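Just below is one structure, and these are the notes that go with it.
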Amino acid sequence: MKRGHRTGKPKGGFPRFWGRHAVIAALANPDRVVRKIWGTREALTALELPPVLPIVYSDVADLGRMVPGDAPHQGIVAEVEPLEDIWLGDILEQGRDDMRPILVLDQVTDPHNIGAILRSAAAFDALGIVTQDRHAPPESGTIARAASGALEIVPWVRVVNLARALDEIADAGYWRIGLDGEADTLLDKAIGTSKVALVLGAEGDGLRHNSMAHCDILAKLPISPRMESLNVSNAAAIALYATANR
């Protein structure tokens with residue numbers, strides 16, 4: 001895969017991941033550099049750790065001061081380096097001969113939602129997620145925790161121009177479906193038989209007009225009129241299921 005500079009990398013320090021799933025997945029990822037690990041003696045002895053990895057035995061109170069608020073660290077915290085860039089052309093090439101869907105996120109900025117979407121993408125074997133570089137959060141412990149290990153296995157592509165990326169996705173043979181609650185067509189009718197790119201917007205604002213203009217069709221989920229909308233991570237999971245079940 002091509003590597004390069006990512007403006008979405010955290011500034012002012014390396015990310016810290018916490019919790020067993022996030023830390024174990026980071027340790028298992030050959031592309032991830034784990035710089036240091038803190039943990040209780042009980043938590044660390046349960047792991048198979050590389051002998052060269054710096055380890056600091058810590059008590060629960062010390063670990064609690066290393067993570068936000070009441071984050072459930074489960075007795076373990078790791079400092080990591082962000083993953084290197086993945087270019088859109090790379091994953092399109094990887095998906096050339098299969099039907100795995102792509103998720104395109106238009107200014108979805110909440111790290112809990114990004115993490116949950118990554119988890120659903122892993123569960124439904126998505127090819128990857130695509131976000132704007134400057135309108136998506138950097139890698140963080142919050143994302144890693146919500147992703148429950150999926151941050152390490154689902155390719156995350158950051159692009160400068162989302163409209164241009166959607167054109168490139170179309171050129172690779174994908175049917176671009178924009179999720180919009182005001183659309184006339186239900187998602188199951190819009191999916192068709194081609195490879196699919198599901199395009200989702202931020203909560204509240206939804207898809208921007210320019211992103212809609214670069215979709216082949218707009219579709220909605222069949223939710224009750226008693227509820228105005230779904231959380232974007234819930235919508236992504238349902239859309240991925242519908243795509244897998246077509």
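Residue numbers count from 1 along this sequence. The structure presented is a predicted model; accordingly, all values stated were derived computationally and were not measured.
Counted within 6.0 Å of CZ on R32, heavy atoms from surrounding residues, nucleotides or ligands total more than 12; the atom is thus considered enclosed. By the neighbour-count criterion of 12 heavy atoms within 6.0 Å, atom CZ of R246 is densely surrounded, having more than that number from other residues, nucleotides or ligands. At most 12 heavy atoms of other shown residues, nucleotides or ligands fall within 6.0 angstrom of atom OH in Y241. The number of heavy atoms from other shown groups lying within 6.0 Å of CZ (R20) does not exceed 12.
Side-chain atoms of L162 and N210, non-hydrogen and from C-beta on, never get closer than 4.5 Å to each other. When side chains are defined from C-beta on, L27 counts as touching L53, because their heavy atoms get closer than 4.5 Å. With a 4.5 Å cut-off on side-chain heavy atoms, W156 and L83 do not count as touching. Contact annotation: the side chain of R16 never approaches that of H73 to less than 4.5 Å [non-hydrogen atoms, C-beta and beyond]. Contact annotation: the side chain of R176 approaches that of D167 to within less than 4.5 Å [non-hydrogen atoms, C-beta and beyond]. With a 4.5 Å cut-off on side-chain heavy atoms, V157 and I102 do not count as touching. Looking only at side-chain heavy atoms (C-beta outward), L179 and V232 stay at 4.5 Å or farther from each other. Two residues are said to be in side-chain contact when any heavy atoms from C-beta on lie closer than 4.5 Å; T185 and L218 fail this criterion.
No chain of hydrophobic side-chain contacts below 4.5 Å, direct or via other Ile, Leu, Val, Met, Phe, Trp or Tyr residues, connects V77 to I24. There is a path of hydrophobic side-chain contacts, each under 4.5 Å, that joins V199 to I169. L47 and F17 fall within the same hydrophobic cluster, where Ile, Leu, Val, Met, Phe, Trp and Tyr residues are linked whenever their side-chain heavy atoms come under 4.5 Å apart, directly or through other members. V196 and M99 sit in two unconnected hydrophobic clusters of ILVMFWY residues. Membership requires side-chain heavy atoms under 4.5 Å apart, directly or through other members. Clustering ILVMFWY residues whenever any of their side-chain heavy atoms sit less than 4.5 angstrom apart, transitively, puts L187 in the very cluster that holds I223.
Smallest separation of non-hydrogen atoms from V34 and V80: CG2-CG1, 4.2 Å. Between G95 and Y174, the shortest heavy-atom contact is O-OH, 3.8 Å. Nearest heavy atom pair, residue L63 against residue I76, reads CD1-N, 4.0 Å. Residues I129 and A121 approach most closely at CG2-CB, 4.3 Å, considering heavy atoms. The two atoms that bring G149 and A25 nearest to each other are CA-CB, 3.6 Å, heavy atoms only. Here the closest heavy-atom approach between residue P101 and residue L240 is recorded as CG-CD2, 3.8 Å.
Within the 3.5 Å criterion, the main-chain N or O of A190 finds a donor-acceptor partner in the side chain of W175. A donor-acceptor contact shorter than 3.5 Å links the side chain of D106 to the backbone of R208.
Distance check, rounded to the nearest 0.5 Å: CG of D125 to OG of S120 gives 13.0 Å. Considering OG of S194 and CD1 of I177, their distance stands at 9.5 Å, rounded to 0.5 Å. Rounded to the nearest 0.5 Å, atoms CZ (F124) and OG1 (T243) are 9.5 Å apart. Taken from CG in L92 to CG in L127, the straight-line distance is 7.0 Å, to the nearest 0.5 Å. Considering NE2 of H21 and CD of E152, their distance stands at 13.5 Å, rounded to 0.5 Å. Note that the CD atom of E93 and the CD1 atom of I91 stand 11.5 Å from one another [nearest 0.5 Å].
E79 has a carboxylate O that lies under 4.0 Å from a charged side-chain N of R35, or vice versa, which qualifies the two as a salt bridge.
Under the side chain to side chain contact (heavy atoms under 4.5 Å, CB included) rule, L105 has a single partner from N113, L198, L200, which is L200.
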Could you walk me through whether L186 and K220 satisfy the side-chain contact (heavy atoms from CB on, under 4.5 Å) test, starting with their C-alpha distance in whole Å, then the side-chain angles of each, then the deciding distance to 0.1 Å, before giving a yes or no? CA-CA 5 Å; L186 291 176; K220 64 182 178 182; 3.9 Å; yes
Go through the steps for F14 and E81 under the test side-chain contact (heavy atoms from CB on, under 4.5 Å), then give the verdict. CA-CA 6 Å; F14 293 98; E81 293 185 10; 3.7 Å; yes
